[in-house]
Amino acid sequence: MPELPEVEVVRAGLEPAVRNARIAAVSVLDDRALTRHSGDGADFEAELTGRLLRGAVRRGKFLWLPLAPLGEDFPSTRAILGHLGMSGQLLLRTAGAPPERHERIRIDVEHPEHGELALVFADQRTFGSLAIDDLIPTSDAAPAGRGSPEPLVPGQVAHIARDPLDPAFDDEAFRRRLARKDSAIKRVLLDQTVASGIGNIYADEALWAARIHPERLARDLSTRAVRRLIAEVRAVFEKALAEGGTSFDAQYVNVNGQAGYFAHSLNVYGRTGQPCPRCGGPIVRVSFTNRSSHFCPRCQRARGVQ
DNA sequence: TTCAGCTCCTGAACGC
DNA sequence: TGCGTTCAGGAGCTGA
């Protein structure tokens with residue numbers, strides 16, 4: 001389940017392979033992988049073939065590969081926008097490599113240093129997708145995300161908040177936003193328009209680390225608690241990044257198909273009934289906002305929960 | 001305007 | 001062995 005650390009691992013892996021690479025051919029094998037694209041597979045293939053890629057950029061869980069402008073006659077800047085959804089993978093393969101399981105789209109590129117490569121988008125559950133989107137100026141004129149100094153963001157990503165690892169993330173604005181939220185903090189953390197990149201796994205882990213019950217109302221959190229929470233979100237992200245992300249099965253791998261190791265460092269997620277690493281009490285799992293929520297009822301008191 | 005719940009989807013795991 | 005059910009969850013949509 002790719003969240004910010006997993007997507008960042010993928011972005012960092014793609015960056016050297018796609019920067020200044022020319023797209024030689026595109027094959028859309030399943031149009032369901034283009035749910036965010038305004039055209040069809042043929043349109044996707046036609047627009048990309050022959051174009052030059054500029055790099056790989058990420059905001060939250062969204063990833064995009066900016067395309068070089070076509071010239072003065074076509075100055076509009078576009079990008080290949082991707083979201084991995086639940087089970088999406090972006091894999092780098094040698095040219096002509098056999099099809100991957102659940103392969104949906106293949107982009108063959110020619111890189112000036114690395115030669116011919118295949119960028120494969122595979123996705124089991126088809127929640128992920130690729131699209132071609134216009135790049136528009138960021139509302140705060142700051143760089144759009146990690147991987148590029150350009151203040152240009154895909155239109156479909158413009159409403160997504162910055163992620164907590166972004167230097168332009170505004171901690172105080174985040175606190176003010178929470179203070180107006182009459183909703184459970186777990187739900188607010190999963191709202192990508194408040195802070196991006198946080199999914200179910202890291203929300204549970206950060207709330208446990210900050211000793212905050214997932215069903216506490218966001219507006220009831222003290223300034224100190226919010227600061228502690230955002231610090232723990234960053235700490236969890238940084239640790240997961242250092243360990244290559246969280247892999248429970250083959251559904252998250254880096255661009256080379258390798259799993260991450262952070263699943264071994266999880267304190268509450270997926271540990272129902274096991275002792276809390278902090279107090280020894282049993283971790284519980286509850287169904288919450290159509291998700292599973294894992295927490296320690298002893299460490300994370302239900303004070304103020306409605 | 002805000003909030004909560006539903007929907008999409010596939011395959012592994014499980015029970016019978 | 002085969003069939004049916006449950007579960008996992010990101011993001012957009014809809015209704016209250």
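Nothing here was measured: the structure is a model prediction, and the numbers come from that model. Proteins get letters first, then strands, A, B, ... in listed order; numbering begins at 1 in each.
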### Message
For the CD atom of A:E8 and the CG atom of A:L241, what is their distance to the nearest 0.5 Å?
### Response
6.0 Å
### Task
State whether the number of non-hydrogen atoms from other residues, nucleotides or ligands found under 6.0 Å of A:Q274 atom CD is greater than 12.
yes
### Pair listing, salt bridge (charged side-chain N to carboxylate O under 4.0 Å, His left out) test, anchored in residues 195-207 of chain A, at least two apart
A:K186-A:D204
### Query
Where do A:N20 and A:L52 come nearest, in terms of heavy atoms and distance?
O-CD1, 3.6 Å
### Message
Nearest to the A:R101 side chain among B:dT10, C:dC7, B:dA12, which nucleotide is it?
### Response
B:dA12
### Summary
Protein heavy-atom contacts under 4.0 Å, written 5' to 3' over nucleotides 10-16 of chain C as B (base), S (sugar-phosphate only) or - (none), form the string BBS----
### Query
Once the angle between the rings of A:H37 and A:F44 is folded into 0 to 90°, is it parallel (under 30°), tilted (30 to 60°) or perpendicular (over 60°)?
perpendicular
### Task
Identify, with sequence neighbours excluded, every residue that meets ring pair (Phe, Tyr, Trp, His ring centres under 6.0 Å) alongside A:H102.
none
### Message
Check the phosphate of B:dA4 against A:R187, side-chain N and O only, distance under 4.0 Å to OP1 or OP2. Yes or no?
### Response
yes
### Query
Taking five pairs at each end, how big is the angle between the two axes of the helix from B:dT2-C:dA16 to B:dC16-C:dG2, to 10°?
50°
### Query
Roughly, in whole Å, what's the span from CZ in A:R125 to P in C:dT6?
17 Å
### Task
Could you check how far CD of A:Q124 sits from P of C:dC7, rounded to whole Å?
18 Å
N/O to N/O distances under 3.5 Å, protein versus nucleotides 3-5 of chain C:
none

### Task
Figure out the CG/P separation between A:D31 and B:dC9, and round it to whole Å.
14 Å
### Query
Using links of under 4.5 Å between side-chain heavy atoms of ILVMFWY residues, direct or through other members, which residues join A:F62 in one cluster?
A:V57, A:W64, A:L81, A:L135, A:I136, A:L152, A:V153, A:V157, A:I160
### Query
When the distance from CZ of A:R32 to P of B:dC9 is rounded to whole Å, what number comes out?
7 Å
### Query
Reckon A:R180 has a side-chain N or O less than 4.0 Å from the OP1 or OP2 of B:dT2?
no
### Query
What is the distance from atom CZ of A:R104 to atom OG of A:S27, rounded to the nearest 0.5 Å?
15.0 Å
### Query
Between A:R285 and C:dA8, is there a side-chain N or O to OP1/OP2 distance below 4.0 Å?
yes
### Message
Tell me the interatomic distance from A:K186, atom NZ, to B:dA4, atom C1', rounded to whole angstroms.
### Response
15 Å
### Message
Closer than 4.0 angstrom, basic N to acidic O: yes or no for A:K239 and A:E243?
### Response
yes
### Message
For a quick check of understanding: with a heavy-atom distance under 4.0 Å over all strands, which category does A:S292 fall into, base, sugar-phosphate or nothing?
### Response
sugar-phosphate
#### Entry: Separation of atom CG in A:L84 from atom C1' in C:dA8, rounded to whole Å
17 Å
### Task
Between A:S183 and A:T126, just flag the one whose closest nucleotide in DNA chain B comes earlier from the 5' side.
A:S183
### Query
Got a second to check how far A:I201's CD1 is from A:R291's CZ, nearest 0.5 Å?
12.0 Å
### Task
Report the residue from A:K61, A:R58, A:R146 that forms a salt bridge (Lys or Arg N to Asp or Glu O under 4.0 Å) with A:D163.
A:R58
### Query
Judged by modelled atom types alone, do A:R125 and A:S87 share a side-chain donor-acceptor pair under 3.5 Å?
no
